[in-house]
Peer 1: 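Right, I'll just put the structure down here and ask away after.
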Amino acid sequence: MKSFYITTAIDYVNGSPHIGHAYEKVLTDVIARFRRQLGDQVHFLTGTDEHGQKVQASAKQRGIEPQQFVDETSAEFRALYDRLNVSYDDFIRTTEPRHKQVVRDILQRLFAAGEIYQAEYRGFYSTRQEQFLQSKDRLPDGSWPELFGEVAEIVEANYFFRLKKHQDWLIEFLTENDDFIFPHFRQKQVMEFLKEPLNDLCISRPKARLEWGIPLPFDENYVTYVWFDALLNYYSAVVDQGRWPADYNLIGKDILVPPHAVYWPIMLKACGLPPPKHLLVHGWWLQSGAKMSKSTGAAVNPLTLVEEFGVDAFRYFLIREMNVGQDSEFTREQFLVRYNSELANNLGNLVNRTLNMTTRFASGVLPAAEVSEDPERELHDLWTRTRDEFIPLCEGFQFHTALERMMVFVTATNTYIQRREPWKLGKSAEAKDQALLRTSLATMAEALRLAVALSQHVTPATTARINAVLGYTPGADWRAELTWGAKLNGAKVAEALVLFPRPAPAEKTPAKVL
RNA sequence: GCCAGAGUAGCUCAGUGGUAGAGCAGAGGACUCAUAAGCCUUUGGUCGGGGGUUCGACUCCCCCCUCUGGCACCA
C-alpha cells in the first residue's frame with residue numbers, strides 16, 4: 001500500500017479563521033480523501049502556529065497568559081475544520097512538547113554542525129512597535145511613518161542560519177526536480193528569486209524582546225523566531241513515524257517565496273533530511289479583486305454560508321469554482337448560481353424524481369434493467385468517458401473540471417429520463433412499455449449512484465445520504481464502485497429527500513438580486 | 001523598474017494552428033415523475049490593441065495597453 005503524507009500550512013492563531021484558512025483545509029481534505037479512495041495509506045496533518053510577537057501582544061492586551069490565548073484560538077480553528085468535515089489524522093500545535101523538543105534537537109544539531117552562528121544584526125528599530133524595520137517601511141521621502149514612533153539604528157547580537165551556503169544546491173535541486181512546485185509557473189518564480197544572492201537568515205530574538213517562543217538549546221537567552229519553529233511542524237509531527245518526506249505541503253501563494261521554496265528545503269538539507277516531494281501552491285479568494293480576509297471588511301462572511309446551505313454545498317462551491325493555483329472571485333451570487341443550478345436543480349432534483357418514480361411505479365423497489373437501446377447505450381458510453389477522465393483530472397488537481405464532468409453526466413441522466421418518459425410508460429399495460437419502465441428506473445438510479453460515487457471526496461455527506469436513500473451500502477474498494485452494473489437491483493428506496501432546498505424566492509434568480 | 005499570472009458572449013470560464021465553445025443569465029416551445037425543478041430550440045463575441053511568421057492564428061514570435069500579485073529576514 002502506497003504511503004501518502006500530506007500537510008496544510010499551520011494557521012497563525014492571532015485572529016479568527018476566514019475563507020482562506022477554510023479553503024486550504026478543504027482542498028487538502030479533498031486530496032486526502034481522494035488518495036484514500038485510491039487505496040493509499042494517507043496521513044493528513046494540519047495544525048496551528050502559536051508563538052511570536054503578535055500572539056504575545058494580543059494575550060497581553062486581553063490580560064491573559066499567551067498559553068490561554070492560544071488554547072482558545074487554536075480550538076476555534078480546530079472547531080471550524082471539524083465542522084467542515086476535514087478528515088485530518090493529526091492536529092499539531094507548535095506549543096506542544098513533542099514539537100518543541102524536535103525544534104530544539106534540530107537547532108542543536110545544526111549549531112554543532114556549524115550551520116548556525118552568532119553575529120550582530122544591525123537595523124532600524126521601532127520601540128513602539130517592538131520590531132526591526134526595513135527600507136520598504138520608509139515613506140517615499142525617507143522618513144518613518146508615525147506608526148513606528150521613534151526609530152533608532154541599533155545593533156543586536158543574534159543567531160543566523162547559513163542560507164547562502166546552500167543556494168547553489170537549491171538551484172540544482174529545483175533544476176533537476178522540475179515538478180517540485182505545482183503549478184509549474186510558481187517554480188519559475190522561485191528560480192527568478194534565486195538569481196539574486198541570498199543572505200543568511202536571522203533565526204533568533206533575544207528573550208528580553210520576545211519571550212513567547214522556543215528557547216535556543218545552546219543559548220537560553222534567545223528564542224527561535226518563526227522559521228525553525230513554524231516550518232518544522234511538518235517534520236516534528238511525524239519524526240518517529242518514518243513518514244518523512246511529505247508527499248505534498250499545501251500552502252498559499254503568499255508563503256511560497258521565500259519561506260517554503262527557499263528556507264524550508266535548505267533547512268532540511270542542512271539537517272541531512274530530504275525536502276518534501278512537492279509543494280502545492282493555491283491562490284486566493286478575492287472579492288472585488290482584493291484578497292478576502294477579516295481585515296478588508298468583506299461584506300459577506302462566506303463561512304455563514306455553511307450554516308445557511310450546509311457543509312457539502314460550501315465544500316462543493318470552493319472546489320468547483322476554484323482552479324487550483326489561480327485566484328477566484330467569491331460572491332454570494334456566484335455561490336447561489338452553483339447551489340441552485342447544479343446542486344439543487346440538477347443533482348438534488350434528480351434524486352427526488354428518481355425516488356418518487358421508483359416509489360410510484362415500482363413500489364419503491366429498484367428493478368433490473370432489461371433493455372439496452374440508444375438512450376441506455378449513450379448514457380453508458382458517457383459514463384465510461386466521464387469516469388475515465390475524472391480520475392486523471394483529480395490526480396492533476398483539476399478538481400473544478402472533474403466536477404464539471406460529473407455534472408455533465410448528471411445532466412445527461414436528466415435528459416435520459418426525459419427521453420424515456422417513465423411517467424408515460426407507467427400508464428401503459430404493454431409488456432414492452434413495462435420492460436422499458438423497469439429499465440429506465442434502474443438506469444436513472446444506477447447513474448445517480450455512480451455520479452455521487454465520483455464526488456464522494458468533495459461532498460462525502462451528500463454521497464452517503466444519497467446511497468442511504470437508494471438503499472445501498474457501498475463496498476470498500478472505491479474503484480470497484482465505478483463500474484456500471486446491477487448493484488442496486490432489489491434495493492428499497494426512500495420516498496423522498498430534499499437535499500439542497502432552494503432558498504427564498506427573492507434569491508431564485510441571483511442575477512437580478514445584484 | 002524587474003518577474004509572474006490574467007485580459008475570449010451580459011457574468012464565470014474552457015479552448016492553445018484549420019470555419020469561435022460551455023455553464024449561468026435572456027427569449028421561445030413541448031411536457032409533468034420532480035425542489036415552479038427537468039427537457040428542447042434560440043439571441044449573443046471584430047477571442048485587450050498593433051505588427052509579423054504561415055496556405056491559414058484565439059492558438060507561434062515581437063511591441064504596446066489594462067488588471068492582479070511578488071520583489072526577502074513580516075508570516
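Each chain gets a letter, A, B and so on, in the order its sequence line appears, and its residues count up from 1.
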Peer 1: Under 4.0 angstrom, heavy atoms only, what part of the nucleic acid is A/Ile417 near: base, sugar-phosphate, or nothing?
Peer 2: nothing

Peer 1: Measuring from the side chain of A/Thr415 (C-beta onward, heavy atoms only), which nucleotide among B/rC39, B/rC33, B/rU35 has the closest atom?
Peer 2: B/rC39

Peer 1: Evaluate A/His184 against A/Asp179 for side-chain contact (heavy atoms from CB on, under 4.5 Å), listing each step before the verdict.
Peer 2: CA-CA 7 Å; A/His184 188 253; A/Asp179 63 344; over 6 Å; no

Peer 1: Of the nucleotides B/rC33, B/rA72, B/rU12, which has the atom closest to the A/Gln334 side chain?
Peer 2: B/rU12

Peer 1: Side chain of A/Tyr263, heavy atoms from C-beta onward: which of B/rA72, B/rC74, B/rC33 has the nearest atom to it?
Peer 2: B/rA72

Peer 1: Distance check, P atoms only: B/rA75 and B/rG70, in whole angstrom units.
Peer 2: 16 Å

Peer 1: Kindly say if A/Asn414 contacts the phosphate of B/rC33, meaning a side-chain N or O under 4.0 Å from OP1 or OP2.
Peer 2: no

Peer 1: Of the nucleotides B/rC3, B/rC39, B/rU35, which has the atom closest to the A/Glu192 side chain?
Peer 2: B/rC3

Peer 1: Quick check for you: among B/rG5, B/rA75, B/rU12, whose closest atom lies nearest to any side-chain atom of A/Gln326?
Peer 2: B/rG5

Peer 1: Do A/Trp264 and A/Tyr234 make the cut of ring centroids closer than 6.0 angstrom?
Peer 2: yes

Peer 1: B/rG44 and B/rC24: how far apart are their C1' atoms, nearest whole angstrom?
Peer 2: 14 Å

Peer 1: RNA chain B: A/Ala412 or A/Leu347, which has the more 5' nearest nucleotide?
Peer 2: A/Leu347

Peer 1: Determine the interatomic distance between P on B/rA57 and the same-named atom on B/rC67; round to the nearest Å.
Peer 2: 30 Å

Peer 1: In whole angstrom, what separates A/Met444's CE from B/rG38's C1'?
Peer 2: 12 Å

Peer 1: Answer with yes or no whether A/Gln189 presents, from its side chain, a donor or acceptor under 3.5 Å of a partner atom in the base of B/rG70.
Peer 2: no

Peer 1: Just checking A/Lys427: base, sugar-phosphate only, or nothing, at a heavy-atom cut-off of under 4.0 Å?
Peer 2: sugar-phosphate

Peer 1: Return the nearest nucleotide to the side chain of A/Trp423; candidates are B/rU35, B/rC33, B/rA4.
Peer 2: B/rC33

Peer 1: Could you tell me the separation between the OH atom of A/Tyr316 and the C1' atom of B/rG23, rounded to a whole number of Å?
Peer 2: 10 Å

Peer 1: Report which part of the nucleic acid A/Pro197 touches: base, sugar-phosphate, or nothing (heavy-atom distance under 4.0 Å, all strands).
Peer 2: base

Peer 1: Indicate, with yes or no, if the rings of A/Tyr263 and A/Phe161 have centres closer together than 6.0 Å.
Peer 2: no

Peer 1: Starting at atom CD of A/Glu421, determine the distance to atom P of B/rA34, rounded to an integer number of angstrom.
Peer 2: 14 Å

Peer 1: Output the rounded distance in Å from CG (A/Leu256) to P (B/rC3).
Peer 2: 19 Å

Peer 1: Between A/Glu342 and A/Asn352, which residue's closest nucleotide on RNA chain B lies nearer the 5′ terminus?
Peer 2: A/Glu342

Peer 1: Assign A/Tyr12 to base, sugar-phosphate, or nothing according to its heavy-atom contacts below 4.0 angstrom with the strands shown.
Peer 2: nothing

Peer 1: In whole Å, what separates the C1' atom of B/rG56 from that of B/rC64?
Peer 2: 25 Å

Peer 1: Mind checking whether A/His278 and A/Phe182 have ring centres under 6.0 Å apart?
Peer 2: no

Peer 1: Take atom C1' in B/rG29 and the same atom in B/rU43, then report the distance between them in whole Å.
Peer 2: 15 Å

Peer 1: Where the side chain of A/Glu321 is defined as all heavy atoms beyond and including C-beta, which of B/rA4, B/rU35, B/rU12 is the nearest nucleotide?
Peer 2: B/rU12

Peer 1: Could you state the atom-to-atom distance from CE of A/Met191 to P of B/rC2 in whole Å?
Peer 2: 21 Å

Peer 1: Quantified in whole Å, what is the P atom distance between nucleotide B/rC47 and nucleotide B/rU42?
Peer 2: 24 Å

Peer 1: Watson-Crick or G-U wobble partner for B/rU54, using a 3.5 Å limit on both distances?
Peer 2: none

Peer 1: Which part of the nucleic acid, if any, lies within reach of A/Leu350 when heavy atoms closer than 4.0 Å are counted: base, sugar-phosphate only, or nothing?
Peer 2: nothing

Peer 1: Under 4.0 Å between a side-chain N or O of A/Arg353 and OP1 or OP2 of B/rA37?
Peer 2: no

Peer 1: Assign the ring pair A/Tyr339 / A/Phe500 to parallel, tilted or perpendicular, where the plane angle (0 to 90°) is split at 30° and 60°.
Peer 2: perpendicular

Peer 1: Can you tell me, in whole Å, how much space there is between the P of B/rG38 and that of B/rA25?
Peer 2: 8 Å

Peer 1: Give the nucleotide from the list B/rU12, B/rG5, B/rC33 with an atom nearest to the side chain of A/Lys188.
Peer 2: B/rG5

Peer 1: Can you tell me the base-pairing partner of B/rG21? Count Watson-Crick or G-U wobble geometry only, both distances below 3.5 Å, and say none if there is no partner.
Peer 2: B/rC13

Peer 1: Does the side chain of A/Lys253 get closer than 4.0 angstrom to OP1 or OP2 of B/rA4 through an N or O atom?
Peer 2: no

Peer 1: Output yes when A/Glu404 and A/Arg320 qualify as a salt bridge under the 4.0 Å nitrogen-oxygen rule, no when they do not.
Peer 2: no

Peer 1: Mind checking who B/rA4 pairs with, Watson-Crick or G-U wobble, both distances under 3.5 Å?
Peer 2: B/rU68

Peer 1: Please report the distance, rounded to the nearest Å, between CG in A/Asp229 and P in B/rC74.
Peer 2: 15 Å

Peer 1: Within this structure, what is the CG-to-P distance between A/Asn349 and B/rC31, rounded to whole angstrom?
Peer 2: 19 Å

Peer 1: So, does A/Asn345 get its side chain near the phosphate of B/rG38, meaning an N or O under 4.0 Å from OP1 or OP2?
Peer 2: yes

Peer 1: Can A/Arg405 be said to sit on top of A/Phe390's aromatic six-ring, NZ or CZ under 6.0 Å from centre and within 45° of the ring axis?
Peer 2: no

Peer 1: Of the candidate nucleotides B/rA75, B/rC31, B/rU35, which contains the atom at the shortest distance from the side chain of A/Phe500?
Peer 2: B/rU35

Peer 1: Between A/Glu378 and A/Arg419, is the closest basic N to carboxylate O distance under 4.0 Å?
Peer 2: yes

Peer 1: Would you mind classifying the nucleic acid contact of A/Asp200 as base, sugar-phosphate or nothing, using non-hydrogen atoms under 4.0 angstrom?
Peer 2: base

Peer 1: I need the CD1-P distance between A/Ile181 and B/rC3, as an integer number of Å.
Peer 2: 19 Å

Peer 1: Do A/Phe173 and A/Phe180 have ring centroids that are under 6.0 Å from one another?
Peer 2: yes

Peer 1: When we call it a touch if two heavy atoms are under 4.0 Å apart, what does A/Phe160 touch: a base, just sugar-phosphate, or nothing?
Peer 2: nothing

Peer 1: Please determine if a side-chain N or O atom of A/Arg205 lies less than 4.0 Å away from the OP1 or OP2 oxygen of B/rC74.
Peer 2: yes

Peer 1: With heavy atoms under 4.0 Å as the rule, sort A/Lys195 into base, sugar-phosphate or nothing.
Peer 2: nothing

Peer 1: With ring centroids as reference points, do A/Tyr159 and A/Tyr222 lie under 6.0 angstrom apart?
Peer 2: yes

Peer 1: Look at A/Arg338 and B/rU12 and indicate whether a side-chain polar atom (N or O) is within less than 4.0 Å of OP1 or OP2.
Peer 2: no

Peer 1: As a test of reading the structure: which of B/rA72, B/rA4, B/rU32 is closest to the side chain of A/Lys424, going by heavy atoms?
Peer 2: B/rU32

Peer 1: At 4.0 Å (heavy atoms only), tell me whether A/Thr411 reaches a base, stays on the sugar-phosphate, or touches nothing.
Peer 2: sugar-phosphate

Peer 1: Taking the same atom, P, in B/rC55 and in B/rA22, what whole-Å distance lies between them?
Peer 2: 32 Å

